[in-house]
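Here the structure is a predicted model, which means the values were calculated and not measured.
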Amino acid sequence: MVGGGVGADLEKTHRFAMRLDDSYDLVAGVFGQDRGSSVDLGVRLGVAPDRVYSDCEQMAERGAARADGIDLVVVTAPDDSHFVGKITFVAAEHASGWNATALELTGSKQAGWRTDPKIGGRASVVGDLGTHAYSEGA
């Protein structure tokens with residue numbers, strides 16, 4: 001997992017989804033920009049301290065060198081810290097009630113970055129949640 005540091009509730013949804021069919025285990029990650037809090041959170045989530053990495057590049061390099069390497073990565077970081085690519089067309093539905101009220105005005109961390117174009121980009125929530133509709137084979 002990349003992202004989902006302390007105070008970010010989004011990672012909880014993805015961790016729960018990993019367990020729905022017991023197909024995936026959380027074994028490695030970069031859980032925040034601060035190394036100390038990233039390791040602390042990783043350990044609380046059951047990740048071995050040596051599998052909590054400083055950045056994505058380190059995680060990819062060290063994970064690839066392990067016999068029990070990483071099969072897939074879930075990116076739960078805000079949009080400004082990852083690259084989605086050139087979007088030409090999107091048609092998707094995502095049932096989520098969090099945006100029915102202006103949670104960004106109440107201090108909600110995830111609503112704040114999702115609705116701030118400086119962080120979430122011009123596409124805002126569409127760019128963030130639209131990645132869930134992307135399918136390589138479609």
Please check this pair: side chain of Asp55 against backbone of Glu57, looking for a donor-acceptor N/O pair closer than 3.5 Å. yes
Please set out all donor-acceptor pairs under 3.5 angstrom arising from side-chain atoms of residues 35-49, sequence neighbours excluded.
from  : atom 1 : to    : atom 2 : distance (Å)
Arg35 : NH1    : Val52 : O      : 2.6
Arg35 : NH2    : Val52 : O      : 3.3
Ser37 : OG     : Asp34 : O      : 3.3
Ser37 : OG     : Asp34 : OD2    : 3.1
Ser38 : OG     : Phe31 : N      : 2.9

Verdict with reasoning, Glu104 to Asp116, per side chain to side chain contact (heavy atoms under 4.5 Å, CB included): CA-CA 9 Å; Glu104 66 275 14; Asp116 182 346; over 6 Å; no
Any residue meeting salt bridge (Lys or Arg N to Asp or Glu O under 4.0 Å) with Asp68, in chain and number order, not counting sequence neighbours: Arg51, Arg66
Val2 vs Val74 side-chain heavy atoms within contact, under 4.5 Å: no
Nearest 0.5 Å, please: how far is CE in Met59 from OH in Tyr53? 8.0 Å
Treating Thr76 as the side-chain partner and Gly4 as the backbone partner, does any N or O pair qualify as donor plus acceptor under 3.5 Å? yes
Tell me, with the steps shown, if Leu26 and Met1 meet side chain to side chain contact (heavy atoms under 4.5 Å, CB included). CA-CA 7 Å; Leu26 181 60; Met1 180 174 281; 3.7 Å; yes
If you look at every heavy atom in Cys56 and Val30, which pair is closest and at what distance? N-CG2, 4.1 Å
When you look at CD of Gln58, are more than 12 heavy atoms from neighbouring residues, nucleotides or ligands closer to it than 6.0 Å? yes
